[in-house]
Amino acid sequence: MIRDITIGQYYPAESSIHKMDARLKLIITFIFIVTLFLVNTFIGYVFVIATMGLVMKASKVPLKFMLKGLKSIMIIILFTAFINLFMTRGENVLVKVGIFSITMEGVLLAIKMCVRLVLLIVGSSILTLTTTPIQLTDAIEYILKPFKRIGVPAHEIAMMMTIALRFIPTLLDETDKIMKAQQARGADFDTGNLIQKAKSLIPILVPLFISAFRRAEELAMAMEARCYHGDEHRTRMNMMQMKSSDYRAAGFAAVYAVVIIGLRFAAKAVPFII
């Protein structure tokens, strides 16, 4: 389960998505997340899924590898479906058991929320899978640069966010090693009630926190040894520049946003659209 988490990992490949400007990818991802919450029709979800399929194919990241990250959030997806299924009231009751009832409106809402959550995870994963940590740091810093005028430490914020994403796979590998070492010593993490399972996590969390603090200290010492001083007089080896392909991608994103907004207003004008 731990190895199935793909958040923060980078998948090297020669694709047009990998070569795209990191700033543009970050902005397009933000637009995708915002427009995803505007979709409320069946046609809209089909359009988003088709668009996401084209982007996934262009990124050359294997579908199996990308969907592997959904295993770690399957509990959240099932919990979301359960809440929307039994807590949504409607006129068309399908099944009624005691105080709980399943309505057609609840079924549709549960499906929409689950699909929206899956698209949100997959769309966000494409950003980290096709962008190196250094490119992501430079993109975040560039976008936050206007806020420097009001005292916002743009470089420091970008560096912290990127380091956090970079160390997610490292800490996951460390957790997997600790769990295997504890199981070799006779630890059992699967049996028992909820309280017993929570107590069994203590032998994992304590060495994990110690390892995380040790890695943080080693990283700080390495940065100080290399005379790292943040954004002060800092230069870059590779400057970010927009290419013609990036402008075409920006136009594609603009068309996508216009279509989603148009479908949103069309749903109000044509109420029979699911």
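I204 contributes atom CD1, which lies 8.5 Å from atom CG of L208 (distance to the nearest 0.5 angstrom). The NZ atom of K57 sits 11.5 Å away from atom OG of S16, with the distance rounded to the nearest 0.5 Å. With rounding to the nearest 0.5 angstrom, the CG atom of L109 is 10.5 Å from the OG1 atom of T80.
Remark: side-chain polar atoms of R116 are not paired, donor with acceptor, to backbone N or O of I111 under 3.5 angstrom. Put simply, the side chain of D21 never gets that close to the backbone of D246: no donor and acceptor are under 3.5 Å apart. Not one N or O on the side chain of R23 forms a donor-acceptor pair closer than 3.5 Å with the backbone of A139. Here the side chain of T41 pairs a donor or acceptor atom with the backbone of G44 at under 3.5 angstrom. Although no hydrogens or angles enter the test, the distance criterion places a donor-acceptor pair under 3.5 Å between the side chain of R226 and the main chain of A222. In this structure, the side chain of K25 engages the main chain of T130 through a donor-acceptor pair within 3.5 Å.
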From CA spacing to verdict: side-chain contact (heavy atoms from CB on, under 4.5 Å), F32, T51: CA-CA 11 Å; F32 171 77; T51 304; over 6 Å; no
Evaluation steps, side-chain contact (heavy atoms from CB on, under 4.5 Å), between M52 and I126: CA-CA 10 Å; M52 182 57 60; I126 292 178; 3.5 Å; yes
Derivation and outcome, side-chain contact (heavy atoms from CB on, under 4.5 Å), residues Y256 and I260: CA-CA 6 Å; Y256 165 82; I260 292 297; 3.9 Å; yes
Criterion side-chain contact (heavy atoms from CB on, under 4.5 Å) on F30 and I33, from CA distance to verdict: CA-CA 5 Å; F30 177 76; I33 293 174; 5.7 Å; no
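Residues T131 and A22 share a closest heavy-atom pair of CG2-CB, 4.0 Å. A pairwise comparison of heavy atoms in I178 and P203 identifies CG2-O, 4.0 Å as the closest pair. Taking all atoms of both residues into account, the shortest heavy-atom contact from V61 to H18 is CG2-CE1, 4.3 Å. Across S15 and A58, no two heavy atoms sit closer than the pair CB-O, 3.1 Å. Minimum heavy-atom separation, T29 to S124: CG2-CA, 4.4 Å. Scanning both residues, I77 and C114, for their nearest heavy atoms gives O-SG, 3.6 Å.
When the side chains of ILVMFWY residues are joined at heavy-atom separations under 4.5 Å, either directly or via intervening members, Y45 and V258 end up in two distinct hydrophobic clusters. Hydrophobic clustering keeps I261 apart from F252 (ILVMFWY residues linked when any side-chain heavy atoms are closer than 4.5 Å, directly or through intermediates).
Within 6.0 Å of NZ on K243 lie more than 12 heavy atoms contributed by other residues, nucleotides or ligands. Within a 6.0 Å sphere centred on CD1 of I75, heavy atoms belonging to other residues, nucleotides or ligands number 12 at most.
Looking at heavy atoms from C-beta onward, M56 lies in side-chain contact with V122 at the 4.5 angstrom threshold. Side-chain atoms of V115 and I49, non-hydrogen and from C-beta on, do get closer than 4.5 Å to each other.
Using a 4.0 Å cut-off between charged nitrogen and carboxylate oxygen, D173 and K177 do not count as a salt-bridge pair.
With I140 as the fixed residue, the side-chain contact (heavy atoms from CB on, under 4.5 Å) test singles out one of I143, D138, L136: L136.
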